[in-house]
Enquirer: 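Here you go, one structure.
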2 protein chains.
Amino acid sequence: MSAAKLLLVEDDPALSELLEFRFENEGYSVRCTKDGDDALVLAAEDTPDLIILDWMIEGTSGIEVCRQLRRAKETAHVPIIMLTAREDEDDRIRGLNTGADDYVTKPFSPRELLARVAAVMRRIRPVLAGEAIEVGDMRLDPVAHKVERAGTPIKLGPTEYRLLQFFMESPGRVFSRNQLLDGVWGTESDIELRTVDVHIRRLRKAIELDGKKDLIRTVRSAGYALEG
Amino acid sequence: MSAAKLLLVEDDPALSELLEFRFENEGYSVRCTKDGDDALVLAAEDTPDLIILDWMIEGTSGIEVCRQLRRAKETAHVPIIMLTAREDEDDRIRGLNTGADDYVTKPFSPRELLARVAAVMRRIRPVLAGEAIEVGDMRLDPVAHKVERAGTPIKLGPTEYRLLQFFMESPGRVFSRNQLLDGVWGTESDIELRTVDVHIRRLRKAIELDGKKDLIRTVRSAGYALEG
DNA sequence: CAAGATTGTTACAATTCGGCGACAATCACC
DNA sequence: GGTGATTGTCGCCGAATTGTAACAATCTTG
């Protein structure tokens, strides 16, 4: 299991050290800085999976860091949890508006922050943490970009791969064609609903192994689901 | 499709966009507006399952929107969560008096609002929150779109599925044929009353397991009910 | 018990919906 | 530029689903 990468931006050395210790203890890979500009550099050179950002930091201000992170393509979708002093209500508002995902008010317990981070990580699709997903006899390795069923390597086109990954992230769950379009093709694509059918068929054909049953369940008038 | 429908009334574009994104990510179907009158129109044309209403909006004020929503038959019972500034205690009181179900004080984290919404959903309609319903030895999982009785998988057509779900949301309660038509087929469908009988018959046949008694009770000259 | 009302059951035609093959357009890679 | 893989769309077909009518069964009431 490759550890999730955290970037901690905090200028109180004591707090920073404490958090670093706690998070590394939990299995995260943590990098720290107390400087805003530094944070941007670190984030750029190795995109973290989550950023913990103190609002009151030296150098570029928290809000500015946040904005710049959102602007850069690589870090645009990296979740940000900000740490604010209780009084800074304005900061909180601006923070949320600027694209922070969540905030934690100082003083907080490390435990609380850990919980928030864990929650965000869970939400941000486990695959991004680099873990392989297994559903039934299917196995998808996002790092190697490889899929196999019952040990047999499966060859998939890009779209089928994303489709399968999307299914495997929520095994058993039924998705409507519209949900699949949103999740696999992206919200802004305008593609025929029925096109989904075709890719479902291609995916089915690709992952079929004789003797093995069809893993994709058709739910008439509702959508499709991957059997869990 | 069984995604819960949200109506978001918020005039800060940044916040609105953030929330829309987060809620859609969670699987809700979201429509947004920043205008009070617009909200009323949207709510009227497709009744949402829950409304998130900013108290300080353009056009008709939040409190007035709330009042009008409560007045209209379709939206009278739709739960409303209002967003208020910390200072406006009066608004909160008036809001709750006017019929809002809950309020969240700005600034808030998206996570907090998500939790509130989920809580209300669970209270109002568990199915929309994705929770399985169990009635007697019947179990319906809305996420997987699966039904089983005493552990045995049950195969249902779309209409029978909706019919069963409708019954299971109010176990023991008797519904007239007209109520069933409204609830299962939709208000605007013009279908023979007696057609309901046929689908009741089909549902009965589908969920019958030998040795098990009929779960659907006929109430002569009144309608049908699912035994609780 | 008879008559009327109400419900159960079945058969059937119409419709809807998903599977599938084909095809042109686009893309990627040499 | 060429070549093969990938992708989005159509249209047809068969199967599942659905609404209705017709008839049988059952209940209610006098």
Side-chain angles (χ1 to χ4, degrees), chain A residues 145-147 153-167 174-208 210 213-227, chain B residues 1-2 145-147 153-167 174-208 210 213-227:
Chain A
H145 218 266
K146 277 182 177 172
V147 178
I154 302 284
K155 183 185 169 298
L156 292 178
T159 307
E160 277 71 50
Y161 179 85
R162 269 178 298 146
L163 183 57
L164 178 62
Q165 171 170 319
F166 187 78
F167 272 125
V174 174
F175 294 99
S176 70
R177 292 185 176 74
N178 272 312
Q179 287 174 313
L180 290 172
L181 280 184
D182 281 2
V184 177
W185 277 262
T187 329
E188 70 284 348
S189 71
D190 53 339
I191 287 182
E192 277 305 310
L193 265 190
R194 290 302 304 281
T195 298
V196 175
D197 296 25
V198 181
H199 285 276
I200 289 285
R201 177 165 57 87
R202 288 170 181 158
L203 177 56
R204 270 185 172 136
K205 178 168 277 183
I207 68 177
E208 88 181 338
D210 49 18
K213 67 165 183 181
D214 189 3
L215 282 182
I216 298 178
R217 179 167 53 104
T218 302
V219 182
R220 193 170 234 258
S221 83
Y224 299 93
L226 184 73
E227 285 300 313
Chain B
M1 170 157 65
S2 69
H145 230 270
K146 276 183 172 173
V147 178
I154 303 285
K155 186 191 166 290
L156 293 178
T159 307
E160 278 72 50
Y161 179 87
R162 269 177 300 152
L163 184 57
L164 178 62
Q165 172 169 319
F166 187 78
F167 272 125
V174 177
F175 293 100
S176 71
R177 291 183 176 74
N178 272 312
Q179 287 174 313
L180 290 172
L181 279 184
D182 281 2
V184 177
W185 278 261
T187 331
E188 69 283 350
S189 72
D190 52 340
I191 286 182
E192 276 306 310
L193 262 190
R194 291 302 309 283
T195 299
V196 175
D197 294 27
V198 179
H199 284 276
I200 289 285
R201 150 78 177 147
R202 285 169 182 157
L203 179 55
R204 271 182 171 139
K205 176 172 270 181
I207 68 177
E208 87 181 338
D210 48 19
K213 66 166 183 181
D214 188 3
L215 282 181
I216 298 176
R217 181 164 50 102
T218 303
V219 182
R220 201 181 169 85
S221 78
Y224 300 93
L226 185 73
E227 288 297 314

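Per chain, numbering begins at 1; letters A, B, ... match sequence-line order.
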Enquirer: How close or far is atom P of D/dA21 from atom CG of B/D197, stated in whole angstroms?
Expert: 13 Å
Enquirer: Determine, step by step, whether B/V198 and B/E192 satisfy the side chain to side chain contact (heavy atoms under 4.5 Å, CB included) criterion, reporting the C-alpha distance in whole Å, the side-chain angles of both residues, the deciding distance to 0.1 Å, and the verdict.
Expert: CA-CA 11 Å; B/V198 179; B/E192 276 306 310; over 6 Å; no
Enquirer: Measure the distance from CG on B/L156 to C1' on D/dT17 and round it to the nearest whole Å.
Expert: 13 Å
Enquirer: Working to the nearest 0.5 angstrom, can you tell me the gap between A/L163 CG and A/I200 CD1?
Expert: 5.0 Å
Enquirer: Using the rule given for side chain to side chain contact (heavy atoms under 4.5 Å, CB included), can you reason through A/D197 versus A/R177, listing the C-alpha separation, both sets of side-chain angles and the distance that settles it, and then say yes or no?
Expert: CA-CA 8 Å; A/D197 296 25; A/R177 292 185 176 74; 2.6 Å; yes
Enquirer: Give the C-alpha distance, both sets of side-chain angles, the deciding distance and a yes or no for side chain to side chain donor-acceptor pair (under 3.5 Å) between B/R162 and A/S221.
Expert: CA-CA 11 Å; B/R162 269 177 300 152; A/S221 83; over 6 Å; no
Enquirer: Where does the chain B footprint on DNA chain C start and end, counting 5' to 3' with a 4.0 Å heavy-atom cut-off?
Expert: C/dA5 to C/dA11
Enquirer: Tabulate atom names and distances for all N/O pairs under 3.5 angstrom spanning the protein and nucleotides 8-12 of chain D.
Expert:
from  : atom 1 : to     : atom 2 : distance (Å)
D/dG8 : OP1    : A/W185 : NE1    : 3.2
D/dG8 : OP2    : A/W185 : NE1    : 3.3
D/dG8 : OP2    : A/H199 : NE2    : 2.7
D/dG8 : N7     : A/R202 : NH1    : 3.4
D/dG8 : O6     : A/R202 : NH2    : 2.7
D/dT9 : OP2    : A/E192 : N      : 2.8
D/dT9 : OP2    : A/T195 : OG1    : 2.7

Enquirer: If you pin A/Y224 and B/I200 to their nearest nucleotides in DNA chain C, which one's is more 5'?
Expert: B/I200
Enquirer: Using modelled atom types and a 3.5 Å cut-off, is there a donor and acceptor pairing between side-chain atoms of A/R204 and backbone atoms of A/I216?
Expert: yes
Enquirer: Relative to each other, are the rings of B/F166 and B/F175 parallel, tilted or perpendicular (30° and 60° limits)?
Expert: tilted
Enquirer: Strictly below 4.0 Å, N to O, side chains only: are A/R217 and A/E227 in salt-bridge contact?
Expert: yes
Enquirer: State yes or no: are the ring centers of B/Y224 and B/F167 separated by less than 6.0 Å?
Expert: no
Enquirer: Using a heavy-atom cut-off of 4.0 Å across all strands, would you classify B/Y161 as base, sugar-phosphate, or nothing?
Expert: nothing
Enquirer: Between A/R220 (CZ) and D/dT18 (P), how many Å, whole number?
Expert: 8 Å
Enquirer: How close or far is atom P of D/dT6 from atom CZ of A/R162, stated in whole angstroms?
Expert: 13 Å
